[in-house]
Amino acid sequence: MTRIKSNFSLHKNPMKAIKYLLFLAIGLPMLMSCRGQISKKPPIHPNPNMDQQMRFEPQEATTFFPDGRVNQPPVEGTIARGHLRQNTEYYQGITEDSTFVTEIPVDVTKAFIYRGKDRFAVFCTPCHGLAGNGEGIIMEGGYGFVPAPSFHQERLREVNDGYIFSVISNGIRTMPSYAHQIPVKDRWAIVAYVRALQHSQHVSESEIEEYNVDLAALQSNFKERQAAQQALEEAAAASGGGEISAARGKQIAQQNACFSCHSTDGSRIIGPSWKNVFGHEVQLESGETVVADSAYIHESIVDPQAKIVAGFPPTMVPYDFLSESEIGSLIAYIKTLSSASENEQ
């Protein structure tokens, strides 16, 4: 057999031999330490001086400050970086004279409107519905919420863009503030989409005819739906479900959260009290005085902006979705809360 010769010899290359031995002495323990076995020995900790720091935990007490609190409030007048927000038109929706801005202070692009559509679907549709008509899923479930207004009523079509932004930011009536959930720019995007919804529901026939839309079929479908709804109401009335009674009126008031705005004991809350309102004179914001009879209460339910009572904000939404028998029952219940109802013919 042929003998394989080594490339070096210990006695011929002593320096190489030393280096080789040093490599083995250092490398082999390192390789043996990487076997993946669990060691029971404590890890090497060469610098433990940061383990126990001389610091305080949040909400901990201290004698360093006079009030004994670790968490100190910011120095008066200081504002965190990026939170100055001097542009009130963008951050609050108001001008320097505190009036609502008329137009969105952001470039409205197609992508911006679609962003508003996405955020509207997340935060607004449960109450206001996909079409913005106030027919969200929780409004139809009989949960007792104050009905959300339709964005397509004339009052909301005429308000400034800043007003809608302010409502999203600060809330109104039973609607909470969304300032902590929706960033400022997304709130303006929602305003842009609400405007798009409003325009979509109030397009003239001449504009519709410019597109490939079967207007006659749409009108026919709408009439069929109206006829079906009317048939349902007539069937309910024929079966006794549409009877007018004070007891039913009280139930309807509870289902529609009327008592969150109107008291029955004369106390003042958001709206006028129902106690002793029927048959008595009511002072209007215009300076006129009217008698709160059945016609007045009916009008106040379906069109609350027609006659605004003096001293109360015009915040009530129309309850025009109620049937005539439901409105009649509400009026019957309100009559029971007034002494004047006994003398009514």
Side-chain angles (χ1 to χ4, degrees), residues 108 110-159 161 164 167-168 175 189-244 248 252 255-257 298-299 301-306 316-330:
V108 179
K110 184 176 181 180
F112 188 69
I113 294 175
Y114 272 100
R115 173 63 179 177
K117 179 183 179 182
D118 177 79
R119 298 295 87 190
F120 182 90
V122 172
F123 294 102
C124 309
T125 54
C127 294
H128 294 280
L130 289 171
N133 56 2
E135 297 180 4
I137 187 170
I138 68 172
M139 294 298 144
E140 300 175 355
Y143 298 108
F145 288 96
V146 174
S150 170
F151 295 135
H152 308 299
Q153 57 182 272
E154 185 175 359
R155 178 180 69 87
L156 292 181
R157 286 192 291 115
E158 293 181 352
V159 298
D161 291 345
I164 302 177
V167 170
I168 299 172
M175 173 180 166
I190 291 175
V191 174
Y193 183 67
V194 168
R195 291 308 195 196
L197 281 177
Q198 290 174 329
H199 183 69
S200 71
Q201 300 298 312
H202 292 85
V203 180
S204 64
E205 292 188 12
S206 59
E207 289 182 271
I208 295 176
E209 291 172 353
E210 295 178 5
Y211 301 91
N212 186 22
V213 176
D214 190 344
L215 183 58
L218 290 176
Q219 291 174 335
S220 175
N221 180 263
F222 177 72
K223 290 178 180 179
E224 289 177 1
R225 291 174 60 187
Q226 279 189 320
Q229 181 64 32
Q230 184 177 357
L232 287 175
E233 292 184 4
E234 291 176 353
S239 63
E243 63 177 333
I244 296 176
R248 184 186 178 208
I252 293 170
Q255 291 173 344
N256 290 276
H298 186 287
E299 183 184 40
I301 293 172
V302 300
D303 187 13
Q305 305 300 317
M316 179 175 169
V317 298
Y319 282 70
D320 49 4
F321 58 87
L322 296 175
S323 66
E324 287 299 318
S325 64
E326 290 175 323
I327 295 174
S329 295
L330 275 174

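All of these numbers come straight from a predicted model, not from anything done at the bench. Sequential numbering from 1 along the given sequence is applied to the chain's residues.
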Note to self: Test of understanding: with side-chain contact (heavy atoms from CB on, under 4.5 Å), list the residues that count as partners of H199, not counting sequence neighbours.
What the structure shows: V203, E207
Checklist line | S206: side chain to side chain donor-acceptor pair (under 3.5 Å) partners, not counting sequence neighbours | finding: S204
Checklist line | Partner residues of Q201 under the side chain to side chain donor-acceptor pair (under 3.5 Å) criterion, sequence neighbours left out | finding: none
Item checked: salt bridge (charged side-chain N to carboxylate O under 4.0 Å, His left out) contacts in which one or both residues fall within residues 123-138, not counting sequence neighbours -> none
Checklist line | Partner set under side-chain contact (heavy atoms from CB on, under 4.5 Å) for Q305, not counting sequence neighbours | finding: R155, D303, I308, P314
Notebook entry, point to check: So, Q153 side chain and S150 main chain: donor-acceptor pair closer than 3.5 Å or not?
Noted result: yes
Next item on the list: Kindly write out the residues that satisfy side chain to side chain donor-acceptor pair (under 3.5 Å) with Q198, not counting sequence neighbours, or none if the list is empty.
Entry: R195
Item checked: Residue list, side-chain contact (heavy atoms from CB on, under 4.5 Å) with E154, at least two apart or on another chain -> R157, E158
Distance-only donor-acceptor hits, side chain of residues 114-132, under 3.5 Å, sequence neighbours excluded:
residue	atom	partner	partner atom	Å
R115	NE	D186	OD1	3.0
R115	NH2	D186	OD2	2.8
T125	OG1	A121	O	2.7
H128	ND1	P149	O	3.4

Item checked: Separation of I252 CD1 from S323 OG (nearest 0.5 Å) -> 6.5 Å
Next item on the list: Just jot down the ring-ring contact (aromatic ring centres under 6.0 Å, His included) partners of Y319, sequence neighbours excluded, or say none.
Entry: F321
Note to self: Tell me every residue that passes side-chain contact (heavy atoms from CB on, under 4.5 Å) with V108, counting only those two or more places apart in sequence or in another chain.
What the structure shows: I104, F112, I113, A192
Item checked: Spatial distance of atom CG (L330) from atom CD1 (I301) [nearest 0.5 Å] -> 5.0 Å
Notebook entry, point to check: Got a donor-acceptor contact below 3.5 angstrom from the S200 side chain to the L197 backbone?
Noted result: yes
Item checked: Contacts of type side chain to side chain donor-acceptor pair (under 3.5 Å), residue H152, not counting sequence neighbours -> none
